Amino acid sequence: MKTEKDRKRDSGPSVRVLRVGEQVRHLLSEILARGDVHDDVLATHPVSITEVRMSPDLRHATVFVKSLLGKDEEAVLKALRTNTAYLQKTVASKVRMKYAAKLKFLADESFDEASHIEKLLRDPKVARDLAAPEGEDNA
């Protein structure tokens with residue numbers, strides 16, 4: 001029999017964790033859009049903050065980023081990691097929490113995975129297998 005703690009763990013992130021993650025995502029997007037970070041790489045490469053996943057205790061935030069058109073992604077990640085202290089300080093001053101969240105920047109690979117799956121589904125061999133047999137209706 002599952003305990004209350006096990007049920008909570010299985011249900012995914014709480015509404016509060018999701019809300020704080022979204023708030024951090026918006027703040028980071030604003031900071032980067034305004035150009036508050038004085039870094040040449042970040043000034044010349046538009047960056048999208050696609051998702052922020054907060055830990056259940058709200059002490060750690062994994063920030064998924066994608067540079068425009070995927071250009072110089074490693075340089076952008078390095079620039080973000082170099083300026084992590086400034087970004088953490090700025091986010092902590094705007095989001096009222098007991099602890100300032102530690103930010104960890106990672107490249108968002110979901111777009112690459114989606115395009116890879118799309119390419120596989122468009123392959124003639126796969127499309128043939130996905131098509132309904134001639135005798136069946138799709139109704």
Side-chain angles (χ1 to χ4, degrees):
M1 184 176 217
K2 287 188 177 185
T3 65
E4 183 67 28
K5 192 174 184 179
D6 290 334
R7 269 184 249 128
K8 283 185 177 180
R9 195 176 312 140
D10 292 343
S11 66
S14 70
V15 173
R16 181 170 186 244
V17 169
L18 293 172
R19 182 178 44 81
V20 171
E22 194 62 15
Q23 194 174 12
V24 170
R25 185 182 74 80
H26 280 280
L27 279 170
L28 288 171
S29 294
E30 285 177 24
I31 292 166
L32 293 173
R34 284 193 314 249
D36 290 351
V37 181
H38 302 293
D39 188 288
D40 294 337
V41 175
L42 296 176
T44 58
H45 293 80
V47 178
S48 230
I49 307 293
T50 56
E51 182 181 3
V52 175
R53 291 185 191 157
M54 300 297 295
S55 65
D57 63 0
L58 301 175
R59 289 185 183 214
H60 301 278
T62 305
V63 182
F64 292 93
V65 298
K66 187 74 174 171
S67 62
L68 189 65
L69 302 176
K71 285 184 166 184
D72 301 325
E73 207 159 85
E74 284 303 316
V76 168
L77 278 173
K78 185 177 179 187
L80 286 168
R81 289 172 181 155
T82 302
N83 293 290
T84 299
Y86 170 77
L87 292 168
Q88 282 177 183
K89 180 182 166 195
T90 307
V91 167
S93 69
K94 305 270 187 196
V95 179
R96 297 206 175 259
M97 293 192 305
K98 188 173 185 178
Y99 301 101
K102 301 274 186 217
L103 301 178
K104 178 181 175 184
F105 293 96
L106 295 176
D108 190 351
E109 304 292 334
S110 62
F111 294 105
D112 299 332
E113 290 176 31
S115 63
H116 176 70
I117 291 170
E118 185 71 28
K119 181 180 174 187
L120 288 174
L121 290 173
R122 292 190 188 283
D123 184 345
K125 293 176 186 174
V126 175
R128 180 190 67 221
D129 291 342
L130 292 175
E134 290 181 25
E136 291 182 15
D137 280 342
N138 286 341

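Note that the coordinates shown come from a computational prediction; the quantities given were computed from them, not determined experimentally.
Nearest heavy atom pair, residue Ser93 against residue Thr90, reads OG-O, 2.8 Å. Contact detail for Ala79 and Leu42: the closest heavy-atom pair is CB-CG, 3.8 Å. Heavy-atom minimum distance, Ala101 versus Gln88: O-CG, 3.7 Å.
In the hydrophobic clustering of this structure, Val91 groups with Tyr86; members are Ile, Leu, Val, Met, Phe, Trp, Tyr whose side-chain heavy atoms approach within less than 4.5 Å, directly or through other members. In the hydrophobic clustering of this structure, Ile31 groups with Val95; members are Ile, Leu, Val, Met, Phe, Trp, Tyr whose side-chain heavy atoms approach within less than 4.5 Å, directly or through other members. Criterion: ILVMFWY side-chain heavy atoms under 4.5 Å apart, direct or through other members. Under it, Met97 and Leu28 are part of a common hydrophobic cluster. Leu58 is not connected to Phe64 by any chain of hydrophobic side-chain contacts under 4.5 Å among Ile, Leu, Val, Met, Phe, Trp and Tyr, and they are in different clusters. Under a hydrophobic clustering in which Ile, Leu, Val, Met, Phe, Trp and Tyr are joined whenever their side-chain heavy atoms come within less than 4.5 Å, directly or via other members, Leu18 and Val63 fall into different clusters.
For the atom pair CG of Asp72 and CG of Leu77, the computed distance is 11.0 Å after rounding to the nearest 0.5 Å. We find the CG-CD1 distance between Asp108 and Ile49 to be 10.0 Å, quoted to the nearest 0.5 Å. Rounding to the nearest 0.5 angstrom, the gap separating the CZ atom in Arg81 from the CG atom in Leu106 is 6.0 Å. Here the straight-line distance linking atom CZ of Arg53 with atom NZ of Lys104 works out to 11.5 Å at 0.5 Å rounding. Distance CG/Asp39 to CG/Leu32: 10.0 Å, rounded to 0.5 Å. Put simply, CG on Asn83 and CG on Leu103 are 11.5 Å apart, with the number rounded to the nearest 0.5 Å.
When side chains are defined from C-beta on, Val52 counts as touching Met54, because their heavy atoms get closer than 4.5 Å.
Other residues, nucleotides and ligands contribute only 12 or fewer heavy atoms inside 6.0 Å of the CG atom of Asp40. Environment of CZ in Arg34: crowded, with over 12 heavy atoms of neighbouring residues, nucleotides or ligands closer than 6.0 Å.
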Please report the C-alpha distance between Glu22 and Arg25 in whole Å, then the side-chain angles of each, then the deciding distance to 0.1 Å, and finally whether the salt bridge (Lys or Arg N to Asp or Glu O under 4.0 Å) criterion is met. CA-CA 5 Å; Glu22 194 62 15; Arg25 185 182 74 80; 2.6 Å; yes
Evaluate Lys102 against Arg59 for side chain to side chain contact (heavy atoms under 4.5 Å, CB included), listing each step before the verdict. CA-CA 6 Å; Lys102 301 274 186 217; Arg59 289 185 183 214; over 6 Å; no
